[in-house]
2 protein chains.
Amino acid sequence: MTTRFRAVPPEVDWRAFKVRHHKGGMVFAQGQPVYHWFEILSGVVRTSHIKADGNRRVTGFFFNGDVLGVESGLRTETAEALSDTLLLGHPLAATESAASLVDTPFRRALRCAQSTLFLVGRGSASERLAAFFASIATRLGSTDRVPLPMSRDDIADHLGLTSPTVSRTIVAFERHGVVTRIGRDELRVLRPDILLALAGERDLPADCHADMALRAMVRPSDSSESLTAQPIATAHTVQPQDKAARP
Amino acid sequence: MTTRFRAVPPEVDWRAFKVRHHKGGMVFAQGQPVYHWFEILSGVVRTSHIKADGNRRVTGFFFNGDVLGVESGLRTETAEALSDTLLLGHPLAATESAASLVDTPFRRALRCAQSTLFLVGRGSASERLAAFFASIATRLGSTDRVPLPMSRDDIADHLGLTSPTVSRTIVAFERHGVVTRIGRDELRVLRPDILLALAGERDLPADCHADMALRAMVRPSDSSESLTAQPIATAHTVQPQDKAARP
DNA sequence: CGGTCCGTTGAAGCGGATCAACTTTGGTGG
DNA sequence: CCACCAAAGTTGATCCGCTTCAACGGACCG
């Protein structure tokens with residue numbers, strides 16, 4: 001819950017500058033390099049993130065006094081003015097030089113929290129779990145090994161699911177040859193490409209339609225059990241417009 | 001996505017100390033004052049937040065090299081060791097003195113991101129929207145006025161819902177006298193207590209069971225339309241164990 | 001005054017929650 | 001070392017809330 005006061009005292013506003021945007025204007029765009037962070041003097045700004053699958057995720061709304069665009073490297077999100085807006089821009093370099101050593105933990109925690117935002121709140125159980133597993137594997141630097149020292153309930157409470165759903169989805173992953181269970185608290189990723197595709201981080205391999213197959217997997221209503229043979233899916237190109245990009 | 005390197009160079013590790021926890025141990029507890037932040041040398045830690053309604057939300061898992069507990073004031077979450085764990089604790093005071101002015105925007109952004117985590121990914125559409133409206137009102141300092149300069153699609157994409165659901169839920173709120181629509185892009189909150197209760201931030205007023213009533217509202221299947229008369233609900237004490245605390 | 005966009009409302013289907021039974025695991029003590 | 005027990009995971013059946021796909025209405029703007 002952000003407060004409504006000035007973010008930094010005036011003496012730190014070295015080379016701070018005012019920017020005016022009118023309704024619909026773009027403050028910064030996803031993919032651009034980060035040069036400044038902004039403080040809202042008046043107006044409303046919306047930040048959103050477009051995933052590889054085209055889905056949009058609105059990451060925040062910012063009102064008078066709020067701080068936005070605090071990141072480094074490349075913009076992970078786009079900021080647009082929802083109304084005529086007056087911003088105070090702060091050069092990131094000035095901030096960096098004074099606190100480059102110290103604020104690192106804050107930034108890392110911020111990145112971590114923001115990446116978690118993309119895990120929860122959107123997408124099916126398969127997508128969330130795939131993203132979760134991919135995230136763990138990436139953070140540990142191991143391509144295929146995914147330790148799960150937490151309980152299924154922990155995972156469920158983290159992703160906004162329930163324990164039975166987590167179980168079913170993992171079993172479905174395994175039935176499709178995406179992962180293998182090693183004991184109770186470890187996975188081995190057999191098809192990282194499909195895992196990332198399910199997570200929405202990259203496009204699906206052309207040879208399969210994992211999401212449709214996995215959907216059918218979790219709910220074994222149809223008796224067409226031809227799945228144990230082939231790892232993932234037949235060459236069905238029938239994309240049911242499942243959760244494609246909005247127009 | 002946090003990296004796996006040391007959070008800060010050694011010269012900043014003034015009075016850094018190692019802490020060892022065994023499986024199940026509590027690193028810090030929700031509500032305690034914040035004195036340190038931690039860096040994981042080995043093991044796994046889980047952070048979770050208990051809401052007023054008793055629901056638990058697992059906010060993150062932290063592995064080797066991750067940073068956790070970066071906040072100020074009182075702990076908003078509890079951290080527990082999922083395995084035998086070795087931590088490196090950093091006094092917050094040392095970090096503060098060097099960067100008290102500069103890291104403020106990072107902290108505010110972090111708080112903002114973390115609070116957003118509690119909005120999405122859990123709870124019904126009513127809960128998410130209630131929390132969203134309450135959040136806007138709080139941030140603007142106005143108890144009752146809630147401007148909505150963003151489209152319904154924006155709100156939906158932010159909360160992990162869809163535009164029709166947002167519409168229906170707002171109308172349901174209005175039918176219960178919780179809010180009133182002023183034009184298209186502004187709300188007036190008539191019953192802040194119920195709004196906060198729906199958001200899970202505090203207990204319900206004893207005289208009503210808003211959640212049950214609102215559920216029935218959104219889906220007008222039953223024709224028992226006695227709702228326009230009394231603001232919220234009759235004195236039904238029939239709590240259907242809806243989303244109560246887990247044991 | 002007409003057109004277009006956005007919001008609202010309706011009907012139908014599905015995904016995940018819920019409740020409950022069963023199985024497995026891991027830990028403990030005999 | 002094995003038997004037992006408690007805790008966790010898996011599986012099944014049913015239900016409900018949200019999504020989806022439409023159609024309608026209303027507001028803003030030319």
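In this text the structure is predicted, and so the values were computed from the model without any measurement. Each chain gets a letter, A, B and so on, in the order the sequences are listed, and its residues count up from 1.
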Could you walk me through whether B/Leu86 and B/Val19 satisfy the side-chain contact (heavy atoms from CB on, under 4.5 Å) test, starting with their C-alpha distance in whole Å, then the side-chain angles of each, then the deciding distance to 0.1 Å, before giving a yes or no? CA-CA 6 Å; B/Leu86 184 60; B/Val19 207; over 6 Å; no
To the nearest Å, how far apart are A/Ile182 CD1 and C/dT24 P? 19 Å
In this structure, how many angstroms lie between the P atom of D/dC18 and the CG atom of B/Leu159, rounded? 12 Å
Using atom CG of A/Asp157 as one end and atom P of D/dG9 as the other, report the distance to the nearest whole Å. 12 Å
What is the distance, to the nearest angstrom, from the CG atom on A/Asp154 to the C1' atom on D/dG9? 13 Å
Interatomic distance where CD belongs to B/Glu127 and P belongs to D/dC16 [whole Å]: 18 Å
State the OG1-CG distance between A/Thr180 and A/Leu187, to the nearest 0.5 angstrom. 8.5 Å
Starting at the 5' end of nucleotides 2-9 of chain C, put B wherever the base has a protein heavy atom under 4.0 Å, S where only the sugar-phosphate does, and a dash everywhere else. -----SBB
One should read off an interatomic distance between A/Arg188 CZ and A/Arg181 CZ, to the nearest 0.5 angstrom, of 14.5 Å
Would you give the length of the straight line joining atom CG of A/Leu198 to atom CG of A/Leu129, rounded to the nearest 0.5 angstrom? 10.0 Å
Cation over ring, A/Arg75 on A/Phe28, under 6.0 Å and within 45°? yes
Distance from B/Thr85 atom OG1 to B/His21 atom NE2, nearest 0.5 Å? 8.0 Å
